Engineer: 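Here you go, one structure.
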Amino acid sequence: ALILLVITPLVFSIPNMLMVREMTSMMPVEGGYYHWVKQAFGPFTGYMAGWMNWVVSWVDVSIYPVLAAYYLGFFIPALREGAVIGGVEIPVWILQWLVALVLIWGISALNIRGARLAGLTANWLGVIMIIPLIIMSGVGIYNWIAAGSTAPLPLLPGGEALSGDSLFAALSTGLFVVMWNYMGWELPTAAGDEIVNPKRTYPIAMALVLVAAIATYALPMISGMYGGAGEEGRYLLWGQEELEEGVGIGATMAEYGVTEDQLTAWGVNPGSPYGWEFPDIAYAVGARATGERSPLAQFLGISVSLAAILSMIGLFIGNGLGGTRVPFAMAEDGMMPRFLVKVHPKFGTPWVAIIFCGVIFSIFSLQAFAFLVVVDVFLNMLVLMAEFFALWVLRFKRPDLPRNKVPGGWIGLVLITLLPGSIITLAIYSQVVEEGMNSITYALVAMAVGAVLYFPIRKWVKKGVPDIDPYKIDAPAD
């Protein structure tokens, strides 16, 4: 995991950012990547790019409110254990879904007020969220230096011997998850008309986000691993869940050679449904420094729980921004129902599209865990490769357009295409080899549905609607 966290930004995120920088400088318009692909390859491919990333938003954005509700369970046990109200037993999934609905519709109302306000809110949440992670990282690194503790890590899970099969097994899900953490650089471009000076704003924002992402993923992980929550195999508890409801985490950990006696010695109930999440890791770091149940340990556990909740809310705001603007841009271009083009008279935002997406997010938040990462990353990666190919095509098709070109000339362009292309191909191939074609069935079905819908939309909805000129830049909404 640590190797992937270091390599992925270099070979995947930075090329992605450079591509987005050049494409946005040419077409800083509402709809972003939908128009990039359309201008390069025509209306069908552009429509499929918009459709596929919109489906990604249904699956991806819907998970964040549910995860926020999950982390809120650290403070409200009913969100993890269920509750009895008036003699009626309310299951966990209903309580978590109700919390998710409050977040979905509260943030949808925020999005209606404009991308600028939503962005400022997400930024302030990020600042507040990062403070506990900085403190945790500092304490963990201090513990590491003071005690000299180490947590010997095998290259593959469970210390499995290195082979082609074991390597693909580790990559099949691990690479998809890490790519999920570092993808989505093009999504905010869907709100292009609402961003002040997008040609300048996007590159600065992407650079800052990349640095923050690497730091917030790597530093807390390292501090937890070597600062009190990783040695003696404790890192095996991270992110684990019970195999089946009611059997407890003990059965899961037994597959890694961890006994129930070891779990008990680590302060973990073998009957618990969960292993350690970040709040538990932060608590262990604090406990190593000042003892069990110490004020520092309690503070780190509580503050990191709050940080996790704020992180999920911020991710919902940011990713929901792109997910709600794409259907508006496609409807404006005649490729989605026209009712989605209605703009709020005061805020200038696509309020009908935002509400429509809110309904979809509310539905998908019921089942988002079932097929999140593989469907999400697979569809997004196909669209991403279409964007890289569009970059090449538009270099030849529209050489007259002013743009912030990828550094390094044609060699730089080749490198930023081959590096992410290689890692995307490896991720998809390893997933299919390990899990079979069933692992991407949902994604293929979604693509087929979109392709079938294109023809009636093109015939009846598009009729009489002129194409949007993505090279014409209007003044941003306040």
Side-chain angles (χ1 to χ4, degrees), residues 16 19-20 23-24 26-27 29-61 179-180 183-192 319 322-338 340-341 353 356-357 360 364 371 374-394 397 417 420-421 424-425 427-428 432 437 439-463 465-470:
N16 197 343
M19 177 273 292
V20 171
M23 297 297 276
T24 303
M26 286 190 293
M27 287 177 273
V29 67
E30 197 98 348
Y33 54 86
Y34 161 69
H35 288 292
W36 306 344
V37 177
K38 178 186 174 184
Q39 291 300 309
F41 300 112
F44 176 76
T45 310
Y47 163 83
M48 287 300 296
W51 167 263
M52 288 160 63
N53 257 6
W54 192 30
V55 172
V56 165
S57 75
W58 301 352
V59 180
D60 189 8
V61 178
M179 290 169 69
W180 179 54
M183 74 181 192
W185 302 100
E186 78 283 6
L187 297 182
T189 66
N319 288 277
T324 56
R325 268 53 174 187
V326 167
F328 167 80
M330 294 175 70
E332 193 177 33
D333 204 33
M335 296 309 296
M336 282 285 170
R338 294 293 295 170
L340 293 174
V341 302
F356 186 75
C357 288
I360 294 176
F364 271 74
F371 52 106
V374 173
V375 174
D376 188 344
V377 176
F378 180 78
L379 290 178
N380 187 263
M381 293 307 99
L382 293 182
V383 176
L384 181 60
M385 288 312 302
E387 293 165 10
F388 275 104
F389 294 144
L391 175 64
W392 278 85
V393 169
L394 291 173
K397 195 173 182 179
T417 305
I424 288 169
T425 302
I428 294 175
V432 172
M437 289 298 294
S439 62
I440 56 175
T441 298
Y442 286 116
L444 297 176
V445 169
M447 292 171 63
V449 170
V452 170
L453 289 175
Y454 170 81
F455 298 99
I457 289 174
R458 185 76 183 174
K459 183 174 182 179
W460 288 295
V461 179
K462 175 67 175 176
K463 187 176 181 180
V465 179
D467 284 352
I468 294 294
D469 181 2

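The first residue of the sequence shown is numbered 1, and numbering continues consecutively from there. Quantities reported herein were computed from a predicted structural model and do not represent experimental measurements.
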Engineer: What are the two closest non-hydrogen atoms of Val37 and Ala390, and how far apart are they?
Structural biologist: CA-CB, 4.3 Å

Engineer: Taking Gly450's backbone N and O only, do any of them form a donor-acceptor pair with Tyr47's side chain (distance below 3.5 Å, no angle check)?
Structural biologist: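 A pair under 3.5 Å: yes.
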
Engineer: Over all heavy atoms of both residues, which pair between Ala329 and Tyr34 is shortest? Give the atoms and the distance, please.
Structural biologist: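 Scanning both residues, the minimum pair turns out to be O-CE2, 4.3 Å.
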
Engineer: Search all heavy atoms of Val465 against all heavy atoms of Arg338 and return the closest pair with its distance.
Structural biologist: CG1-NH1, 3.7 Å

Engineer: What's the spacing between Leu444 CG and Leu382 CG if we round to 0.5 Å?
Structural biologist: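 These two atoms lie 8.5 Å from each other.
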
Engineer: Could you measure the distance from the CE atom of Met27 to the CD1 atom of Ile468? Nearest 0.5 Å is fine.
Structural biologist: 13.5 Å

Engineer: Does a side-chain heavy-atom distance below 4.5 Å link Lys462 with Asp333?
Structural biologist: yes

Engineer: Might you point out which heavy atoms bring Val393 and Ala40 nearest each other, and give the distance in Å?
Structural biologist: CG1-O, 3.6 Å

Engineer: Nearest 0.5 angstrom please: Trp36 CH2 to Leu391 CG, how far?
Structural biologist: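 Answer rounded to 0.5 Å: 9.5 Å.
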
Engineer: Is the backbone of Trp392 close enough, under 3.5 Å, to the side chain of Lys397 for a donor and an acceptor to pair up by distance?
Structural biologist: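 No.
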
Engineer: Say you draw a straight line from CZ of Phe388 to CE of Met23; how long is it, rounded to the nearest 0.5 Å?
Structural biologist: 10.0 Å

Engineer: Take Thr45 and Phe389 through the side-chain contact (heavy atoms from CB on, under 4.5 Å) test and state the conclusion after the steps.
Structural biologist: CA-CA 12 Å; Thr45 310; Phe389 294 144; over 6 Å; no

Engineer: Can you check whether Trp51 and Trp58 have ring centres sitting under 6.0 Å from each other?
Structural biologist: yes

Engineer: Which pair of heavy atoms, one from Gly334 and one from Ile457, lies closest together, and at what distance?
Structural biologist: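 Where Gly334 meets Ile457 most closely, the heavy atoms are O-CG2, 4.1 Å.
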
Engineer: Does Tyr33 form a side-chain contact (heavy atoms from CB on, under 4.5 Å) with Val326? I'd like the steps, not just the answer.
Structural biologist: CA-CA 9 Å; Tyr33 54 86; Val326 167; 2.9 Å; yes

Engineer: Measure the spacing between OG of Ser57 and CZ of Phe364 and express it to the nearest 0.5 Å.
Structural biologist: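 It comes to 9.0 Å.
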
Engineer: Among Lys38, His35, Gln39, Glu332, whose side chain to side chain contact (heavy atoms under 4.5 Å, CB included) with Asp467 holds?
Structural biologist: Lys38

Engineer: Specify the closest pair of heavy atoms between Leu379 and Val56, including all atoms of both residues, with the distance to one decimal.
Structural biologist: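 Minimum heavy-atom contact is CB-CG2, 3.5 Å.
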
Engineer: Rounded to the nearest 0.5 Å, what separation is found between the CE atom of Met48 and the CE atom of Met447?
Structural biologist: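 Going from CE on Met48 over to CE on Met447, the span is 5.0 Å.
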
